[in-house]
**Student:** 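Just passing along the structure, written as structure tokens.
The figures that follow rest on heavy atoms only: side chains count, while hydrogens, waters and symmetry mates do not.
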Amino acid sequence: MPEDASKEEHVEHQQRTLRFASFREVRHTIIRIIGRRLRKDAPVSWQGCDFDFTGVVFDGGDLSDAHVTGGRISFREAQFTNSRMDFTGATFSGGTVDFADVRDLSVMPQGLREATVKAAPEAKVLLPEEWLSSSPAD
């Protein structure tokens, strides 16, 4: 915001910032709930369900320890804006998880490489070629 901005412009900027922050919190809450329902110990399991995250922008979220046993999870055309999207400890033992056409290949979600390496033969995990060819240190 420029220093010479009017009071109205400052107020409008503040309102946009607060609106973005509240929508971000809602997105993170939704992802956190889905993650909880995909864990082995979930009181109500959503394992085997389909999830369509096509075109979603992920600026964080927790799918750590998620257990994908079936269904289809699509991240096609999604964008991961940083490495705070967490798949640490996730297991893929069935179904299809599709990251093949993500929009920005510069960010691979945290823990995803390890989860895909351990994927069961019954699981189909589609990753962009760029993620497959990069070294684990990237």
Side-chain angles (χ1 to χ4, degrees):
M1 172 103 330
E3 289 182 23
D4 63 342
S6 70
K7 183 177 180 175
E8 291 81 20
E9 290 171 322
H10 279 284
V11 168
E12 183 180 319
H13 176 74
Q14 183 180 19
Q15 288 173 342
R16 278 195 315 267
T17 301
L18 290 172
R19 192 168 39 250
F20 175 81
S22 64
F23 286 143
R24 181 178 186 212
E25 186 60 33
V26 168
R27 287 193 312 272
H28 289 200
T29 299
I30 291 168
I31 296 165
R32 189 171 42 253
I33 291 168
I34 291 170
R36 286 181 186 155
R37 298 292 188 209
L38 289 176
R39 292 191 180 100
K40 286 183 180 182
D41 62 349
V44 176
S45 176
W46 290 352
Q47 293 175 24
C49 292
D50 294 338
F51 296 94
D52 186 353
F53 297 115
T54 300
V56 172
V57 176
F58 290 92
D59 57 359
D62 185 6
L63 291 176
S64 63
D65 297 318
H67 190 69
V68 178
T69 60
R72 180 172 179 83
I73 302 176
S74 176
F75 292 95
R76 297 180 75 79
E77 299 178 17
Q79 182 176 1
F80 299 93
T81 63
N82 56 48
S83 60
R84 290 187 303 219
M85 183 67 184
D86 190 3
F87 284 87
T88 302
T91 57
F92 304 117
S93 62
T96 300
V97 183
D98 186 355
F99 293 90
D101 294 320
V102 297
R103 284 190 278 169
D104 181 359
L105 299 172
S106 66
V107 178
M108 184 176 196
Q110 179 180 335
L112 183 59
R113 180 181 312 282
E114 295 78 11
T116 59
V117 167
K118 298 176 191 174
E122 298 81 23
K124 187 173 183 182
V125 182
L126 307 172
L127 296 175
E129 185 62 39
E130 291 83 353
W131 285 359
L132 293 171
S133 62
S134 62
S135 69
D138 290 348

**Student:** Do Thr96 and Asp98 meet the criterion of a side-chain donor-acceptor pair at a distance under 3.5 Å?
**Tutor:**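 Judged by distance alone, the side chains do not pair up.
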**Student:** Would you say Gln79 and Val107 make side-chain contact, with heavy atoms under 4.5 Å?
**Tutor:** no
**Student:** At what distance, to the nearest 0.5 angstrom, does CZ of Phe99 lie from CG of Leu112?
**Tutor:** 4.5 Å
**Student:** Roughly how far apart are Ser74 OG and Phe53 CZ, rounded to 0.5 Å?
**Tutor:**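 So the gap between those two atoms works out to 9.5 Å.
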**Student:** Check this for me, if you would: do Arg72 and Asp50 make a salt bridge, where the nitrogen-to-carboxylate-oxygen distance has to be below 4.0 angstrom?
**Tutor:**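 Salt bridge: no.
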**Student:** With hydrophobic residues grouped by side-chain heavy-atom distances under 4.5 Å, do Ile73 and Leu126 end up in a single group?
**Tutor:** no
**Student:** Looking at Thr69 and Gly48, what are the two nearest heavy atoms and their distance?
**Tutor:** OG1-N, 3.5 Å
**Student:** State the CG-NE2 distance between Leu38 and His67, to the nearest 0.5 angstrom.
**Tutor:** 10.0 Å
**Student:** Do Lys118 and Thr91 touch side chain to side chain, with heavy atoms closer than 4.5 Å?
**Tutor:** no
**Student:** Drop me the distance from Asp86's CG to Gln110's CD, to the nearest 0.5 angstrom.
**Tutor:**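 Output value for this atom pair is 4.0 Å.
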**Student:** Within this structure, what is the CG-CD1 distance for the pair Asp59 and Ile31, rounded to the nearest 0.5 Å?
**Tutor:** 7.5 Å
**Student:** Indicate the atoms forming the closest heavy-atom contact of Ala120 with Ser93, along with that distance.
**Tutor:**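 Heavy atoms only, the tightest pair is CB-CA, 3.7 Å.
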**Student:** Only one of Arg84, Arg36, Arg39 forms a salt bridge (charged side-chain N to carboxylate O under 4.0 Å, His left out) with Asp62, so which one is it?
**Tutor:** Arg39
**Student:** Taking a hydrophobic cluster as the set of Ile, Leu, Val, Met, Phe, Trp and Tyr residues connected by side-chain heavy atoms closer than 4.5 Å, whether directly or through intermediates, do Ile30 and Phe87 fall within one such cluster?
**Tutor:**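 Yes, it is one cluster - the side chains of Ile30 and Phe87 are joined through contacts under 4.5 Å.
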**Student:** List the atom of Ala115, the atom of Ala90, and the distance in Å for their closest heavy-atom pair.
**Tutor:**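 Distance-wise, the nearest heavy atoms are CB-O, 3.4 Å.
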**Student:** Taking Arg37 for its side chain and Ala42 for its backbone only, find out whether a donor-acceptor pair lies under 3.5 Å.
**Tutor:**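 Not confirmed, Arg37 side chain does not pair with Ala42 backbone.
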**Student:** Say you draw a straight line from OG1 of Thr81 to CG of Asp104; how long is it, rounded to the nearest 0.5 Å?
**Tutor:** 8.5 Å
**Student:** Pair Val57, Arg103 - check side-chain contact (heavy atoms from CB on, under 4.5 Å), show working.
**Tutor:** CA-CA 9 Å; Val57 176; Arg103 284 190 278 169; 3.4 Å; yes
**Student:** Give a yes or no on whether Met108 and Val117 share a hydrophobic cluster (residues Ile, Leu, Val, Met, Phe, Trp, Tyr; joining criterion: side-chain heavy atoms under 4.5 Å apart).
**Tutor:**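 Hydrophobic grouping puts Met108 apart from Val117.
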**Student:** May I ask whether Leu132 and Val97 are part of the same hydrophobic cluster, defined by side-chain heavy atoms of I, L, V, M, F, W, Y residues being less than 4.5 angstrom apart, directly or through others?
**Tutor:**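 Yes.
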**Student:** Look at the aromatic rings of Phe75 and Phe80 and report parallel, tilted or perpendicular, splitting at 30° and 60°.
**Tutor:** tilted
**Student:** Decide yes or no on side-chain contact (heavy atoms from CB on, under 4.5 Å) for Trp46 and Ile33, but give the supporting numbers first.
**Tutor:** CA-CA 10 Å; Trp46 290 352; Ile33 291 168; 4.0 Å; yes
**Student:** Please find the pair of heavy atoms, one from Ala123 and one from Gly94, that lie closest to each other, and give the distance.
**Tutor:**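 Taking every non-hydrogen atom into account, CB-N, 3.5 Å.
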